[in-house]
Amino acid sequence: MIRVLLVHDIGLLRSALAALLGKEQDLEVTATTWDAFPVKARSARPDVCVVDADSPASESISDVLESAGRCPDGRARPGAPGCSRCRSALLALVTAGRPGALRRAFDARALGYVNKNGTPQRLLEAIRKVARGERFVDESLAFGFMQAAEMPLTARELSVLSLAAEGRPISEIAKSLHLCNGTVRNYMASVIRKTGARNRIDAVRISQSAGWV
């Protein structure tokens, strides 16, 4: 039996996808939101975490995975999302043309990448492969990976920019990413420089047109 933890913030889609996966005899499915992900991951001890990497909440995916992988005593295994008894493989659900989401998932060491516009059979194939420790990359995402590799922004800069794109002020971005205000301003200045933008609004516009955020 493969224990699957499905992470999606849209309730209707989360329920529908969980019901679809739950029909498979070899899958035991638990569904949750990004906010509840760390607690659910520790209690369910899934073999595979299927996450919506397009969600705004996934901007801090690496931090969430680190939190999810920690044992009650706070220990975490270096170089892995969690310790030997609560570690799981990460499978990212992404949309083609969103290289920013691919970059975040890659930086979080995702083992599998599935196009949201693919078939249910592709998702099931991916779950079973990553559960065996094998990599799965949907071929339709190849161009997105090329774009992600060419992105000038770091994962943290992407996180700051994505929250800025939602209209959040510096103080709120800092609180969300557990940074100080000055650090966020430095990241934003770097984003503006790297994108060749005139200001923060222009940086958001350029990045959105490129599919980075």
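Heavy-atom basis, side chains included; hydrogens, waters and symmetry copies ignored. For reference, positions follow the sequence shown, starting with 1.
- With sequence neighbours excluded, the residues satisfying side-chain contact (heavy atoms from CB on, under 4.5 Å) with T119 are Q121, R122.
- Evaluation of the side chain to side chain donor-acceptor pair (under 3.5 Å) rule for E28 yields no partner, not counting sequence neighbours.
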Yes or no on side chain to side chain contact (heavy atoms under 4.5 Å, CB included) for W34 and V51, after CA distance, side-chain angles and deciding distance?
-> CA-CA 9 Å; W34 273 102; V51 305; 3.7 Å; yes
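- Under the rule for a side-chain contact (heavy atoms from CB on, under 4.5 Å), the partners of S140 that lie at least two apart in sequence or sit in another chain are N115, D138.
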Test side chain to side chain contact (heavy atoms under 4.5 Å, CB included) applied to V184 and L177, step by step = CA-CA 9 Å; V184 172; L177 298 177; 5.7 Å; no
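- Contact between P46 and S88 at its shortest, heavy atoms only, is O-CB, 2.8 Å.
- Sorted by first and then second residue, the ring-ring contact (aromatic ring centres under 6.0 Å, His included) pairs involving residues 89-148 (not counting sequence neighbours) are Y113-F145.
- Evaluation of the side-chain contact (heavy atoms from CB on, under 4.5 Å) rule for L111 yields A89, V130, R135 as partners, not counting sequence neighbours.
- With sequence neighbours left out, the side chain to side chain donor-acceptor pair (under 3.5 Å) criterion links Q208 to no other residue.
- Counting only residues at least two apart or in different chains, ring-ring contact (aromatic ring centres under 6.0 Å, His included) contacts with residues 1-25 are absent.
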Start with the C-alpha gap between L6 and L17, add the side-chain angles, then the distance that decides, and say whether side chain to side chain contact (heavy atoms under 4.5 Å, CB included) holds.
-> CA-CA 8 Å; L6 172 65; L17 193 52; 3.6 Å; yes
Under the side chain to side chain contact (heavy atoms under 4.5 Å, CB included) criterion, do L123 and L20 qualify, and how do the steps go?
-> CA-CA 11 Å; L123 176 56; L20 174 68; 5.7 Å; no
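- The side chain to side chain donor-acceptor pair (under 3.5 Å) search around D26 returns R128, not counting sequence neighbours.
- Residues satisfying the side chain to side chain donor-acceptor pair (under 3.5 Å) test with T95, not counting sequence neighbours, are D54.
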Go through D52 and R14 one step at a time and tell me if the salt bridge (charged side-chain N to carboxylate O under 4.0 Å, His left out) criterion holds.
-> CA-CA 10 Å; D52 174 23; R14 183 174 64 247; over 6 Å; no
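- Taking each heavy atom of A101 and A53 in turn, the nearest pair found is CB-O, 3.5 Å.
- Taking all atoms of both residues into account, the shortest heavy-atom contact from V48 to I127 is CG2-O, 3.8 Å.
- For the salt bridge (Lys or Arg N to Asp or Glu O under 4.0 Å) condition, the pairs that include at least one residue of residues 185-199, sequence neighbours left out, are E157-K194, R198-D202.
- A search for salt bridge (Lys or Arg N to Asp or Glu O under 4.0 Å) contacts involving R103 returns D107, not counting sequence neighbours.
- Closest of all the heavy-atom pairs between V204 and A165 is CG1-CB, 3.7 Å.
- Here the shortest heavy-atom pairing between S176 and R168 reads OG-NH1, 3.8 Å.
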